[in-house]
Amino acid sequence: MESPYLQRRYLVSVESRRLPHIFTDVLVIGAGAAGLCAGIEAAQAGRVIVVTKGQTFDSNTYHAQGGMAAVMDPNDSLGSHIADTVSAGCGLGDEAVIRHVIEAAPQQVLQLQQWGVPFDTTADGELSLGREGGHSANRVVHAHGDAIGQAIITVFLERAKNTENLKIFEQCFTIDLLTDPPAGGQEAVCIGAMTYHRRYGLQIILARQTILAGGGAGMLWRETSNPPCATADALAIAFRAGATITDPEMVQFHPTTLYVAGATRSLISEAVRGEG
């Protein structure tokens, strides 16, 4: 007999017709770098709503430290970066994805510069490149020392606020993805989400397309340097909707964290190790 838990589809039972309905072309769940970037791009083609369970500055991205790796030095090479990444992943990475991301990274850094991300530079005006674990060359761009996440989110939020057709719903928690038929599985199609807005209560957001960019799961563990928002909500709602969860054992951890008994854990930036 199947476990009752496995038979449960939605966390709450409601009469949907009694709830307020909001219609949009694209619903983006999550307001970190991935969610905001997706929302900005999608708004070029239709109406977009980005929802986040907290404030826009509560994302994992905002708290990210260190930098971004990209081949920006003429003496470096894409091949070297790819080889370093495959090696650091002990061969478990998807090499096609690794190659795609690394080859696209330099152009993405230039685009972020154009958008206004204040990457640190040398006295000559060139990008200041650091080195972090696993890299055989200096290829890590950074901003404000190591506050790269804060720099990126600040720019993305400003751009999002100036983007027509894009709305951001703060303090709007996504309870479940809505599917038709509701049982999930391969034949189910996502039609939006049921949310709980701190001010307006339960509501249904119906969308032609839904993009899930809900962040990490660090708070599932007793010891973590992740912010309180990283509670695996996106993984849970995707699982209940019948999505396939790939490689859940691949959970990021940080090797250098300051441990003080009774206090929250403080991240020691990768930049510190990179400098030796």
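What's counted below: heavy atoms across the whole structure, side chains too, no hydrogens, waters or symmetry copies. Throughout, numbering of the chain's residues begins at 1 and tracks the sequence.
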Output the distance between atom [atom1] ([X]) and atom [atom2] ([Y]), rounded to the nearest 0.5 Å.
X      : Y      : atom1 : atom2 : value
Met194 : Leu206 : CE    : CG    : 10.5 Å
Thr56  : Gln171 : OG1   : CD    : 10.0 Å
Ile168 : Leu166 : CD1   : CG    : 6.0 Å
Asp58  : Cys229 : CG    : SG    : 6.0 Å
Leu27  : Ile191 : CG    : CD1   : 11.5 Å
Thr174 : Ile29  : OG1   : CD1   : 4.0 Å

Any [X] side-chain heavy atom under 4.5 Å of [Y] side chain:
X      : Y      : result
Asp25  : Gln209 : no
Val26  : Arg47  : no
Phe119 : Ile148 : yes
Tyr200 : Pro20  : no

Using every non-hydrogen atom in the two residues, find where [X] and [Y] come nearest and quote the distance to one decimal.
X      : Y      : result
Ala69  : His135 : CB-CE1, 3.6 Å
Ala234 : Ile237 : O-CG1, 3.3 Å
Ala151 : His144 : CB-CD2, 3.9 Å
Leu129 : Asn138 : O-ND2, 3.3 Å
Ile205 : Thr24  : CG2-CG2, 4.1 Å
Thr61  : Ala33  : OG1-N, 3.1 Å

Would you find a donor on one side and an acceptor on the other, under 3.5 Å apart, between the side chain of [X] and the backbone of [Y]?
X      : Y     : result
Ser87  : Ala83 : no
Ser80  : Asp76 : no
Glu170 : Gln55 : no

message: Checking Ser59 against Ile153 for the side chain to side chain contact (heavy atoms under 4.5 Å, CB included) test, could you report, in this order, the C-alpha distance in whole Å, the side-chain angles of both residues, the deciding distance, and whether it holds?
response: CA-CA 9 Å; Ser59 68; Ile153 286 296; 4.0 Å; yes
query: Taking 4.0 angstrom as the limit, do Arg139 and Asp84 come out as a salt bridge?
result: yes
- prompt: Is any NZ, NE, NH1 or NH2 atom of the basic residue among Lys161 and Glu158 found under 4.0 Å from an Asp or Glu carboxylate oxygen of the other?
  reply: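 Not counted as a salt bridge, because no side-chain N and carboxylate O are separated by less than 4.0 Å.
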Is there a continuous path of hydrophobic side-chain contacts, each under 4.5 Å between heavy atoms, that joins [X] to [Y]?
X      : Y      : result
Val14  : Ile175 : yes
Val48  : Leu212 : no
Phe23  : Val28  : no
Val141 : Phe156 : yes
Leu177 : Tyr10  : no

Does one side chain, of [X] or [Y], offer a donor that lies under 3.5 Å from an acceptor on the other?
X      : Y      : answer
Lys53  : Thr231 : yes
Thr179 : Arg9   : yes
Thr121 : Glu126 : no
Thr257 : Ser266 : no

Test of understanding: with side-chain contact (heavy atoms from CB on, under 4.5 Å), list the residues that count as partners of [X], not counting sequence neighbours.
X      : answer
Ser16  : Ile204
Asp120 : Ser128, His142
Cys172 : Val51, Phe169, Thr195, His197, Gln203

query: Can you check side chain to side chain contact (heavy atoms under 4.5 Å, CB included) on Phe239 and Leu235, steps first, answer last?
result: CA-CA 6 Å; Phe239 178 76; Leu235 287 171; over 6 Å; no
- prompt: Taking it one step at a time, do Tyr196 and Phe173 satisfy ring pair (Phe, Tyr, Trp, His ring centres under 6.0 Å)?
  reply: CA-CA 5 Å; Tyr196 182 85; Phe173 180 77; 8.5 Å; no
Please list, one pair per line, the donor and acceptor atoms closer than 3.5 Å that link side chains of residues 88-116 to other protein atoms, with sequence neighbours excluded.
unit_1 : atom_1 : unit_2 : atom_2 : d
Asp94  : OD1    : Ala96  : N      : 3.1
Asp94  : OD1    : Val97  : N      : 3.4

Please list every donor-acceptor pair under 3.5 Å in which a side-chain atom of residues 216-223 meets a protein atom from a residue at least two apart or in another chain.
unit_1 : atom_1 : unit_2 : atom_2 : d
Glu223 : OE1    : Arg265 : NE     : 2.4
Glu223 : OE1    : Arg265 : NH2    : 3.3

message: For Asn60, give me all partners under side-chain hydrogen bond (donor to acceptor under 3.5 Å, both in side chains), at least two apart in sequence or on another chain.
response: none
